[in-house]
Participant: 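The structure is given below, and queries will be raised subsequently.
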Amino acid sequence: MKLYCLSGHPTLPCNVLKFKSTTIMLDCGLDTTSVLNFLPLPLVHSPRLSKLPGWVSKDGSANLQKELKECAGRVFVDSQPEFCLPERELLDLSTIDVILISNYHCMMALPYITEHTGFTGTVYATEPTLTIGRLFMEELVNFMERVPKAQSATCWKNKEMQRMLPGPLKDVVDVWAWKRSYSIQEVNSALSKVQLVGYSQKVELFGAVQVSPLSSGYSLGSSNWIIQSHHEKVSYVSGSSLLTTHPQPMDQSSLKNSDVLILTGLTQMPTANPDGMLGEFCSNLAMTIRAGGNVLVPCYSSGVIYDLLECLYQFIDSANLGTTPFYFISPVANSSLEFSQIFAEWLCHNKQSKVYLPEPPFPHAELIQTNKLKHYPSIHGDFSSEFRQPCVVFTGHPSLRFGDVVHFMELWGKSSINTIIFTEPDFSYLDALAPYQPLAMKCVYCPIDTRLNFHQVSKLLKEVQPLHVVCPEQYTQPPLTQSHRSDLMLELQPPPMPYRRCSVLNLPHRRRYERVYILPELANSLVPSEIKPGVSLATVSAVLHSKDNKHTLQLVPKPPPVAPSKKRKRVLEEPPAVLAPKTLLSGAVPLEAFLATLQNHGFTEVKVEETADGHILHLQAEDTLIQLEEDGTHIVCDNNEPLRTTLRDLVLRFLQKL
Amino acid sequence: MDRECALLLPGVCAVLAGSGSSLPDDTSLEKLLDWFTGITEDGGSLLETCPCLLKLISTVVHNAASDPGVLSFTLRLTGLLAATEESFKTIQEHPVLNKVFNLQHWQEAGLWEDPCLRIGWIQGLRSMLQHPKALSFFVQSGFIDPLLQLQTDTSLFIAEAANQMLAHILLFFQPVPPAGCKGMDKKEKGDGMTPSSADYTAVVKSISGYLKESLVPKESKNVRQSLQTLKLLALLLAQAGPPLRDKLLQTVGDSLEELVTAGSSELTLPLMDVILSACSSSGTDERITRLLSSMLNINKPADLIHAAAAFLRRGHHDTVHTARAVRILLLPLDIMTGQTLLGTISTDEHQFSVVEQLKSKSSCISMICVCLSNTPQITLTPPDVLPCLPVSIVTAVLSLLRICSGNSPSSSTGCSEVSRNVIGSSKVQKCALEALTTLTSSPGAKERISEVFTVLIQYLENPDSDPTVLHKSYQALLKWTSVCTDFSFITDQLRHDLVEVVKKRVCDMRWEVKDSTVEFLGHLAGVCDSIKAAAEERDASEALLGDCSTTPLLREALQDSESYVRASAISALAKTLTHRWQQGATLTEEEPEIVSRLLEILSQDSEGFPRRAVVQYFISWYSSHSPPSSSSSSSSSSSSSLLMQSVRSVLSQGRADLDWEVKVHTLVLAELLLDEAFSGHPGYKKGSDSHHASPHAYGVVSEQAYTLHTHTATHTEGAESDLAVVVEQGVVSVLLSGLVDCDRPVALKACRLLITLRETVCPLSLGALDASAAMATVSCELPGCGWGREILKILKMKKSDQAKEEDIADQSGLNGAEEGGDSVCVSVCEALRSLGLDERMEVLTQSSDHIHNSPLSLLQDILTASATHTKPGEEVIVDCY
């Protein structure tokens with residue numbers, strides 16, 4: 001059993017598991033933090049961005065004025081943003097049989113894998129994962145394609161050049177592997193390979209293993225996966241949550257008795273409690289609105305936003321914000337809000353039961369009805385005519401590099417009465433804000449990450465008791481900035497196996513058993529004999545038939561009846577009759593009893609010597625040795641066949657025959 | 001006992017003797033007993049006044065079918081009857097005494113199993129054992145052994161009562177009453193009271209023997225007995241005089257030592273209690289001192305900490321042991337925070353075991369909390385006992401607070417394996433904040449004030465802080481602000497952080513947090529006022545919050561959806577503005593808006609709290625505003641006119657409120673107006689009731705001195721115009737409507753004020769003609785319905801009483817109101833005189849249940865209940881409430 005680790009990002013995993021004869025890719029996360037090195041893509045011409053000075057090295061030796069721009073002491077690439085893909089050289093990705101997706105955040109690299117590697121397998125995901133994942137991909141493509149960049153910067157990626165660059169750009173690795181966004185055709189083609197599954201549905205892979213998704217409680221349709229054969233069980237835990245938000249609660253009990261548990265997607269904010277952050281979010285929002293300012297919330301178009309809206313739904317009345325408009329701007333805003341209401345079976349019990357009332361599960365329906373929440377595909381069109389301030393705007397992308405959020409940053413950044421509240425934990429807010437400096441706007445960081453924290457995960461692991469745990473190396477030590485917080489790491493016995501990008505782990509579990517079926521006819525012919533109470537044995541002669549990873553013992557085919565022949569010659573050519581199998585012996589030779597027997601048979605001069613494996617009996621008069629060992633007995637006598645036979649028979653008296 | 005009761009009692013006795021099942025409710029027997037006890041305590045002899053009781057006893061005791069409750073009552077009654085030597089003799093002449101307390105009798109009857117009877121037995125004996133004769137009876141009847149058995153009874157109440165009883169016997173009959181002996185009436189213990197020493201010795205012998213035997217648990221299941229015994233011993237040692245104490249210590253000394261050595265966790269605290277009691281009564285007994293030392297050296301860290309805390313709580317002044325206890329309590333803090341509080345640490349082994357203990361989360365939290373709650377006291381111990389400066393302890397508490405919030409710098413030297421147990425624990429946070437609040441009074445603590453503020457502001461900012469933690473942080477901040485004399489340490493950054501966090505917290509999602517924040521702003525304004533009073537140059541509010549005005553935040557909070565927050569915001573606003581009012585500052589633009597919002601709340605809010613707060617706001621304003629003088633500026637008078645205008649609406653709104661507290665507050669406001677109107681009149685007594693003695697939290701009483709009018713001749717004329725003003729303000733209407741209010745506190749307050757008013761403007765001592773001549777002109781209008789009609793009814797009744805005497809006269813003036821509808825004008829003076837205020841006052845001052853709570857009514861109840869009970873099929877429902 002081997003694990004190939006293609007991504008080093010603990011919450012955007014991409015691993016490949018080789019298990020029995022299958023090759024399974026676990027998640028296909030796309031590391032988008034690379035876009036932070038790029039300049040934002042403005043929706044309308046931004047004089048500020050276009051006036052940024054080009055970068056020239058101090059000694060003037062490197063001139064990349066066209067590709068790199070300087071802003072507030074940092075250098076950004078002026079080009080279409082690029083993403084850091086999963087590792088593609090570690091193994092041949094065309095050999096992958098299936099890809100299991102755990103949630104819509106962890107499938108964004110799918111087109112890169114399915115379209116350009118010769119992949120011919122199947123992708124398994126739940127329906128909400130596919131639907132919302134598609135929305136995310138379409139949104140990304142839309143963000144990129146509606147403001148095309150004329151130029152594509154490549155010179156800076158030159159190794160010689162990169163060495164001279166300042167700051168974070170100098171240290172980024174594998175820049176040549178960075179890729180621009182995929183196209184909508186690629187998205188459609190990639191998603192056409194997805195096969196939908198429901199929770200606990202069992203999918204057979206070539207008869208060798210069975211995979212099955214379990215609810216993980218993190219987002220709509222998010223799942224953990226069980227990958228098992230008859231005798232081995234591997235659990236893949238990715239992005240799970242024990243909090244009661246909107247999704248169906250996590251199925252923990254099915255993870256029990258795993259031989260190996262692969263653990264990824266823990267919270268990125270172990271010190272930020274989601275409840276506390278939600279509270280901060282609301283109070284900062286209210287504070288800004290009361291002071292007459294606007295609030296900008298850069299966010300993804302699905303997920304936490306549902307919880308934020310629900311929380312605000314309850315909060316706005318108590319905080320007297322009833323008249324403040326809320327805007328949700330995204331190319332997929334409408335679909336996201338509507339889809340969330342129809343995935344009833346994937347919601348938590350509380351919300352499911354509302355469907356039967358009938359009532360929309362999420363209160364954002366009511367916010368929309370009462371005109372408190374309005375959604376638009378972009379800032380162009382209807383939005384501009386209805387735009388009223390002060391207001392709250394939810395829009396993407398959380399990296400602040402593309403999407404409508406760029407426009408609001410330019411619009412509101414100069415005034416200190418406005419506030420930007422970061423709720424997505426994927427990007428460092430300081431890095432996200434870097435190309436907007438100097439910035440007067442107030443910034444509040446309330447990362448809401450509902451995934452498991454270390455406390456919860458150690459409780460979970462105590463409960464499900466896997467034999468071995470595999471996890472990203474980041475989880476095996478406290479965070480760099482808080483090295484004294486020994487509570488912010490995984491402490492397990494035996495210690496977890498850490499992995500990093502490009503690791504290949506030999507998982508410690510050894511396969512010891514394989515299930516073999518026996519045909520009833522064959523089973524009927526067996527004659528078991530009891531060798532000790534409760535244990536019976538029988539010898540089997542059969543043909544082992546293996547097909548589709550199923551092994552069956554079948555009757556030995558009888559030799560075809562020989563046509564009667566008169567020729568003597570033919571008789572000689574008859575196949576030799578199948579010899580009756582030799583009887584099998586079992587049991588051990590008890591030393592004392594054996595010596596007594598020898599004595600009875602006239603072997604009086606016996607010298608016993610103890611060895612590591614048993615005993616050596618030296619029959620001095622006969623000059624013969626008998627070696628009694630655990631799994632064998634040797635009689636050494638010089639050319640005295642009658643003596644050997646006598647001794648052999650004496651030994652056999654103590655053994656059972658099958 | 002009055003005649004009526006004495007007449008009814010035999011009947012009641014008959015009912016009780018018959019069967020207890022017909023009692024109106026299960027408290028009647030207790031009430032009866034209370035009544036009897038009262039009579040006995042007043043020196044009456046029940047035996048003489050009610051011979052029927054003795055008959056009752058003998059009937060009940062001989063009736064095997066008696067209800068256990070009645071039996072228990074009988075036992076206790078017997079004890080009560082036999083409480084004096086004389087009556088004891090009388091009872092002893094009857095054969096009943098032996099029978100009543102005869103254990104064997106009850107056991108054979110199978111009634112001893114009933115806990116009701118056992119407790120009756122103990123309490124009966126307890127009442128009886130007030131004289132030597134009783135003790136002799138007790139000893140001779142061999143009751144000591146059963147009593148000792150009851151000490152471990154399955155019922156906790158019985159076990160406790162038995163313990164008390166045992167202590168009572170030993171202490172009460174001590175040969176020489178010790179000087180400081182409490183808990184008994186020495187008058188009763190005349191010379192003749194000394195029990196025969198043989199009886200007492202016997203009792204002492206068996207009890208102390210028992211103590212010695214039962215102190216050390218033989219098996220683990222006997223721990224309860226040891227616990228009980230330790231409790232008893234602590235009771236005894238705390239009060240015993242020297243001979244008894246020495247005797248006890250001599251007997252149980254070995255067993256105590258054995259217990260200390262055994263070191264059972266369950267027994268640590270009670271054992272410590274015993275040793276400390278012995279310590280405080282015996283002073284420097286070597287053996288006790290040794291025991292104490294061993295207790296402060298036991299091996300289990302958690303027990304040791306509890307023992308040390310118990311020692312410190314008792315406040316002994318024994319330097320050696322105090323030093324030891326202090327070290328024990330500081331060690332966990334030392335380990336966790338890495339602050340060297342102890343210099344060199346005593347024994348590595350001990351430290352090791354403490355660290356091991358602290359590694360377990362639950363015991364870590366409980367140990368740290370004990371240490372923290374003792375830190376304030378530790379800092380106050382003499383410097384030669386403390387292993388470090390008191391200020392280091394403040395520093396340690398601050399570090400602990402940082403660790404708890406996960407903010408501790410990684411360079412801290414504390415044990416990380418231990419400190420992770422307290423990260424995020426709100427229990428420890430609360431304990432530490434409480435400790436920090438109390439530590440303000442520690443010597444040298446103020447050196448750390450800047451650090452304290454930083455940590456507290458961090459706590460306020462922390463998104464994960466529990467609402468109660470935030471509340472405690474605010475309290476600590478206020479306390480530290482109030483002791484601070486120099487605010488120069490507050491940097492701009494600190495100020496900015498505080499302002500931002502307060503602004504954020506008033507918008508919090510949790511109403512508790514909003515409430516604490518609003519409350520904090522109010523209290524801060526209060527602190528600032530007291531600092532100003534101390535002639536402090538710098539304003540604390542300004543120092544803390546800079547030029548950020550809190551009024552807009554509070555005004556926003558007036559709109560809150562939670563009524564508690566609205567109420568807190570109103571009182572905080574009052575505190576914030578008090579200073580301006582006192583100075584007679586000009587009216588700000590926002591004040592009229594606030595006032596109109598407040599009046600809106602008073603008239604419309606569905607919750608009582610904000611409405612009460614509104615009335616209190618105006619009480620504060622009224623009592624702290626400086627009355628307009630001729631020289632006052634026009635702006636100040638505009639403030640005054642706004643006040644007077646709104647007070648008028650508050651009075652009329654508050655009068656009609658549904659909440660009785662709002663009405664009482666309205667009366668307080670009315671009283672302030674009366675005070676101001678009549679303060680110069682010689683007849684006026686300010687402070688009609690206890691209101692001024694204990695001023696209400698919001699009722700700031702102005703300190704203005706009233707100058708007495710010297711022209712007595714003009715006083716009635718002055719009073720007349722003042723009365724007219726008061727009527728015009730609506731004060732009289734408030735008082736009159738209050739008088740007929742169905743809520744007693746309202747009616748009582750109104751009645752008192754009306755009497756004060758009457759005494760001022762038309763005292764009864766003055767002839768009716770005299771008064772009416774002067775005051776007849778002032779009248780007030782009564783509405784034709786509601787309270788006005790009620791008042792009119794009273795007046796009419798009084799009038800018709802008079803009319804009977806004076807022949808029937810014209811009543812047309814009052815008749816008009818009979819049918820309701822039109823309002824009527826009545827002369828204030830006449831009304832005051834004829835409302836019968838004094839009789840009303842008498843009725844109102846009696847508690848509302850006085851009629852139903854008299855012994856007579858109790859006896860009647862019992863009789864009635866039994867009468868109805870005998871008629872089958874009729875269910876009696878008695879309101880026991």
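Here is the naming used below: chain letters follow the sequence lines, and residue numbers restart at 1 for every chain.
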Participant: Nearest 0.5 angstrom please: H455(A) NE2 to R420(B) CZ, how far?
Facilitator: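 Spacing of NE2 (H455(A)) from CZ (R420(B)) equals 11.0 Å.
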Participant: Evaluate the criterion side-chain contact (heavy atoms from CB on, under 4.5 Å) for residue pair R290(A) and K503(B); output intermediate values, then yes/no.
Facilitator: CA-CA 10 Å; R290(A) 279 185 188 180; K503(B) 278 186 185 167; over 6 Å; no
Participant: Any idea which heavy atoms bring S283(A) and K504(B) closest together, and the distance?
Facilitator: CB-O, 3.3 Å
Participant: If you measure from OG on S561(B) to CG on N320(A), what distance do you get to the nearest 0.5 Å?
Facilitator: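 Atom-to-atom, S561(B):OG and N320(A):CG are 8.0 Å apart.
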Participant: Roughly how far, to the nearest 0.5 Å, is the CG atom of N284(A) from the CG atom of D508(B)?
Facilitator: 10.0 Å
Participant: Measure distances from E562(B) to the heavy atoms of chain A and classify the residue's part below 4.5 Å as side chain, backbone, both or neither.
Facilitator: neither
Participant: Looking at every non-hydrogen atom in both residues, tell me the closest pair between E280(A) and P463(B) and how far apart they are.
Facilitator: CG-CB, 3.3 Å
Participant: Under 4.5 Å heavy-atom distance to chain B, tell me which part of T271(A) shows up: side chain, backbone, both or neither.
Facilitator: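 T271(A) touches chain B through backbone heavy atoms alone.
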Participant: My understanding is that only one of Q559(B), K514(B), M509(B) makes a side-chain contact (heavy atoms from CB on, under 4.5 Å) with S318(A); could you say which?
Facilitator: K514(B)
Participant: For E417(B), does the CD atom sit with more than 12 other heavy atoms under 6.0 Å from it, leaving out its own atoms?
Facilitator: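 Not buried by this count: 12 neighbours or fewer within 6.0 Å.
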Participant: Do any pairs count as a salt bridge (Lys or Arg N to Asp or Glu O under 4.0 Å) and have a residue in residues 454-474 of chain B, sequence neighbours left out, and if so which ones?
Facilitator: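 Applying salt bridge (Lys or Arg N to Asp or Glu O under 4.0 Å) to every pair that reaches into residues 454-474 of chain B, excluding sequence neighbours, yields E434(B)-K472(B).
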Participant: Which answer fits R505(B), side chain, backbone, both or neither, if we ask what part of it has an atom under 4.5 Å from a heavy atom of chain A?
Facilitator: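 Looking at R505(B), just its side chain touches chain A.
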Participant: When you look at NZ of K359(B), are more than 12 heavy atoms from neighbouring residues, nucleotides or ligands closer to it than 6.0 Å?
Facilitator: yes
Participant: Is it the case that over 12 heavy atoms from other parts of the model lie below 6.0 angstrom from the OH atom of Y445(A)?
Facilitator: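 Yes, enclosed.
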